[in-house]
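Just so you know, these numbers come straight off a predicted model, no measurement behind them.
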Amino acid sequence: MNNGYFVISLDFELMWGVEERSALQYGHNVIGARKAIPAVLKLFGDRGIHCTWATVGLLFSDTYEDILSNMPERKPDYKNKNLSVYSYFDRLGSGEKDDPYHYAGDLIRQIARFDNQEIASHTFSHFYCDEDGQTQEDFDADIKMSVKAAEKFGFQTSSIVLPRNQINTDYLDVFVQNGITAYRGNPKGFMYASSKRSDETLFMRLLRLMDAYFNISGHNCYAPEDMKVREGLLNIRAGRFFRPYSKKLRFLEGLKIRRIKSQMKYAAKNGLIFHLWWHPHNFGSNTGKNIENLERILDYYAFLNETYGFESINMRGLSKEVLKS
């Protein structure tokens with residue numbers, strides 16, 4: 001592992017986890033994601049890009065009856081009831097055709113048909129590990145059902161991405177006990193520390209926004225030995241959230257792309273790992289502009305691959321490389 005690795009992960013959730021926003025405000029992004037995903041897959045296929053699709057377990061359902069038959073033994077009792085997806089089951093449709101916001105069986109199968117695409121976990125119910133009212137036992141039940149739901153579609157779960165990147169270190173044993181060998185942690189630094197939603201401050205959000213365009217937190221790349229958390233478990237930390245195109249901030253798009261390229265080059269030249277991530281629904285608006293930006297990133301990856309041997313790899317592939325060494 002001397003050439004460096006380029007990791008991409010996508011948080012695939014559709015409307016699960018964003019239901020507290022109204023469909024009128026956010027639904028068009030979700031519908032747009034269903035059009036953006038095939039375009040992203042074509043790019044990945046053409047460029048030989050490996051990716052981890054961290055998928056909410058509830059999306060592994062073709063019908064409403066499937067959802068009802070795949071319930072965890074325990075459910076979180078969040079203090080903030082709006083966080084629980086179980087509170088709006090009565091609004092679900094019967095399947096993917098009449099409810100494209102909450103079902104994705106066909107989309108998941110489409111993703112899996114492309115080479116080098118890992119289907120991973122984004123928990124079963126978009127579970128929040130740091131919010132008040134949930135327990136480790138609730139989390140374990142949720143992860144067990146996430147693994148089981150993926151197995152019914154023929155996928156083995158070995159990687160996980162936690163919603164809102166809330167990492168509760170007390171829960172790490174749950175990963176190992178359920179066959180998970182890698183999770184996506186947060187970049188180092190106080191501005192990216194895991195926190196409750198209620199503890200988020202405007203100052204922290206502004207710092208992260210600025211960091212997307214200017215080098216405030218560093219390159220956020222790391223060596224393989226830095227990933228090892230405990231026996232059989234790796235923390236494949238995020239390096240950069242790929243912010244979607246914004247008309248209001250379009251004058252900063254060049255800086256955003258340059259920031260990502262700088263991180264990629266640093267990883268390639270130094271034999272390190274750089275991890276880029278976003279949500280498919282981030283490309284649901286301004287899809288053409290977002291795809292153009294992704295093409296620019298992948299063109300630069302091709303240059304780094306040819307120049308330095310920088311390799312594309314998904315979370316499962318990277319964990320296999322590191323754990324066998």
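Using cut-offs of 30° and 60° for the angle between ring planes, the Phe6 and Phe274 rings count as parallel.
With no hydrogens or angles considered, no side-chain donor-acceptor pair links Asn165 and Tyr192 at under 3.5 Å. No side-chain N or O of Ser159 forms a donor-acceptor pair with one of Arg316 less than 3.5 Å apart.
A salt bridge is absent between Arg237 and Asp226: the closest approach of a Lys/Arg side-chain nitrogen to an acidic carboxylate oxygen does not fall below 4.0 angstrom. Contact check on Arg34 versus Glu96 returns a salt bridge, with a Lys/Arg side-chain nitrogen under 4.0 Å from an Asp/Glu carboxylate oxygen. In summary, Lys324 and Glu321 engage in a salt bridge, as defined by a charged side-chain N under 4.0 Å from a carboxylate O. A salt bridge does not link Lys261 with Asp299: every distance from a Lys NZ or Arg NE/NH1/NH2 to an Asp or Glu carboxylate oxygen is 4.0 Å or more. Using a cutoff of 4.0 Å between basic side-chain nitrogens and carboxylate oxygens, Arg109 and Asp106 are scored as salt-bridged. Classification of Asp66 and Lys152 as a salt-bridged pair fails, no side-chain N sitting under 4.0 Å from a carboxylate O.
Counting heavy atoms from C-beta on, the side chains of Leu276 and Ile260 come closer than 4.5 Å. The shortest distance between side-chain heavy atoms of Leu92 and Tyr101 does not fall below 4.5 Å. The side-chain heavy atoms of Asn314 and Leu318, taken from C-beta on, include no pair separated by under 4.5 Å. Residues Val56 and Phe12 form no side-chain contact, since every pair of their non-hydrogen atoms from C-beta on lies 4.5 Å or further apart. Two residues are said to be in side-chain contact when any heavy atoms from C-beta on lie closer than 4.5 Å; Leu43 and Leu298 meet this criterion. Side-chain contact between Thr181 and Phe175 is absent, with no heavy atoms from C-beta onward closer than 4.5 Å. Proximity of His279 to Asn282: side-chain heavy atoms (C-beta onward) are separated by under 4.5 Å at one or more points. Considering only heavy atoms from C-beta on, Arg91 stays 4.5 Å or farther from Asp99 through its side chain.
Partner of Arg240 under the side chain to side chain contact (heavy atoms under 4.5 Å, CB included) criterion, out of Met264, Arg259, His275: Arg259 alone. Screening Ile119, Thr55, Asp62 against Phe153 for a side chain to side chain contact (heavy atoms under 4.5 Å, CB included) leaves a single residue, Asp62. For the salt bridge (Lys or Arg N to Asp or Glu O under 4.0 Å) with Asp77, the qualifying choice from Lys79, Lys81, Lys75 is Lys81, the only one to do so.
Atom CZ of Phe203 sits in a sparse spot, with 12 or fewer heavy atoms from other residues, nucleotides or ligands closer than 6.0 Å. Within 6.0 Å of atom CD in Glu225, more than 12 heavy atoms from other residues, nucleotides or ligands are found, so the atom counts as buried in its surroundings. The number of heavy-atom neighbours closer than 6.0 Å to CZ of Arg230, taken from other residues, nucleotides and ligands shown, is above 12. Surrounding CD of Glu73 are at most 12 heavy atoms belonging to other residues, nucleotides or ligands under 6.0 Å away. The number of heavy atoms from other shown groups lying within 6.0 Å of CD (Glu295) is above 12. The number of heavy-atom neighbours closer than 6.0 Å to NZ of Lys269, taken from other residues, nucleotides and ligands shown, is 12 or below.
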With side-chain hydrogen bond (donor to acceptor under 3.5 Å, both in side chains) as the test, would you mind laying out the steps for Arg184 and Ser9 before giving the verdict?
-> CA-CA 9 Å; Arg184 189 185 74 204; Ser9 61; 3.0 Å; yes
From CA spacing to verdict: side-chain contact (heavy atoms from CB on, under 4.5 Å), Glu131, Tyr78 = CA-CA 7 Å; Glu131 301 297 335; Tyr78 301 118; 4.0 Å; yes
Checking side-chain contact (heavy atoms from CB on, under 4.5 Å) for the pair Trp53/Leu10: CA distance, chi angles, key distance, verdict?
-> CA-CA 5 Å; Trp53 296 76; Leu10 277 73; 3.6 Å; yes
Verify side-chain contact (heavy atoms from CB on, under 4.5 Å) between Val40 and Phe114, making sure each step is shown before the conclusion.
-> CA-CA 11 Å; Val40 170; Phe114 282 75; over 6 Å; no
Glu13 vs His126, side-chain hydrogen bond (donor to acceptor under 3.5 Å, both in side chains): CA-CA, chis, key distance, verdict | CA-CA 8 Å; Glu13 58 198 41; His126 207 265; 3.0 Å; yes
So Asn293 and Glu253, side-chain hydrogen bond (donor to acceptor under 3.5 Å, both in side chains) or not? Walk me through it.
-> CA-CA 9 Å; Asn293 282 339; Glu253 286 296 293; 2.7 Å; yes
Apply the test ring-ring contact (aromatic ring centres under 6.0 Å, His included) to residues Tyr5 and Phe310: give CA-CA distance (whole Å), side-chain angles for both, the deciding distance (0.1 Å), then the verdict.
-> CA-CA 6 Å; Tyr5 281 109; Phe310 199 40; 8.1 Å; no
May I have the step-by-step check of side-chain contact (heavy atoms from CB on, under 4.5 Å) for Ile8 and Phe242, ending in yes or no?
-> CA-CA 10 Å; Ile8 293 179; Phe242 191 11; over 6 Å; no
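A distance of 11.0 Å separates OG in Ser94 from OH in Tyr64, rounded to the nearest 0.5 Å. Put simply, CD on Glu311 and CG on Asn305 are 7.5 Å apart, with the number rounded to the nearest 0.5 Å. Considering CG of Leu58 and CH2 of Trp16, their distance stands at 4.5 Å, rounded to 0.5 Å. Here the CG atom belonging to Leu304 is positioned 8.0 Å from the NZ atom belonging to Lys265, to the nearest 0.5 angstrom. Atoms CG and OG1, from Asp173 and Thr169 in turn, are 10.5 Å apart once rounded to the nearest 0.5 Å. Atoms CZ and NZ, on Arg47 and Lys42 in that order, are 9.0 Å from each other to the nearest 0.5 Å.
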If you look only at distance, which donor and acceptor atoms sit under 3.5 Å apart when one is on a side chain in residues 142-151 and the other is two or more places apart or in another chain?
from	atom 1	to	atom 2	distance (Å)
Asp142	OD1	Phe124	N	2.7
Asp142	OD2	Ser125	N	3.2
Asp142	OD2	Ser125	OG	2.7
Lys144	NZ	Asp140	OD1	2.9
Lys144	NZ	Asp140	OD2	2.9
Ser146	OG	Ser121	OG	2.7

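Of all non-hydrogen atoms in Arg243 and Ala212, the two that sit nearest each other are CD-CB, 3.4 Å. Nearest approach of Gly185 to Asn235, heavy atoms of both residues: N-OD1, 2.9 Å. Taking every heavy atom of both residues into account, Tyr103 and Leu14 meet most closely at O-CD1, 3.7 Å. Residues Thr123 and Phe127 share a closest heavy-atom pair of OG1-N, 2.8 Å. Across Leu233 and Ala182, no two heavy atoms sit closer than the pair CD1-N, 4.0 Å. Nearest heavy atom pair, residue Tyr171 against residue Gln136, reads OH-N, 3.3 Å.
Remark: the backbone N or O of Lys289 is not paired with any side-chain donor or acceptor of Asn286 at under 3.5 angstrom. For Asn270 (side chain) and Ala267 (main-chain N/O), no donor-acceptor pair under 3.5 Å exists by modelled atom type.
Annotation: salt bridge (Lys or Arg N to Asp or Glu O under 4.0 Å) contacts of Arg74 (sequence neighbours excluded): Asp138.
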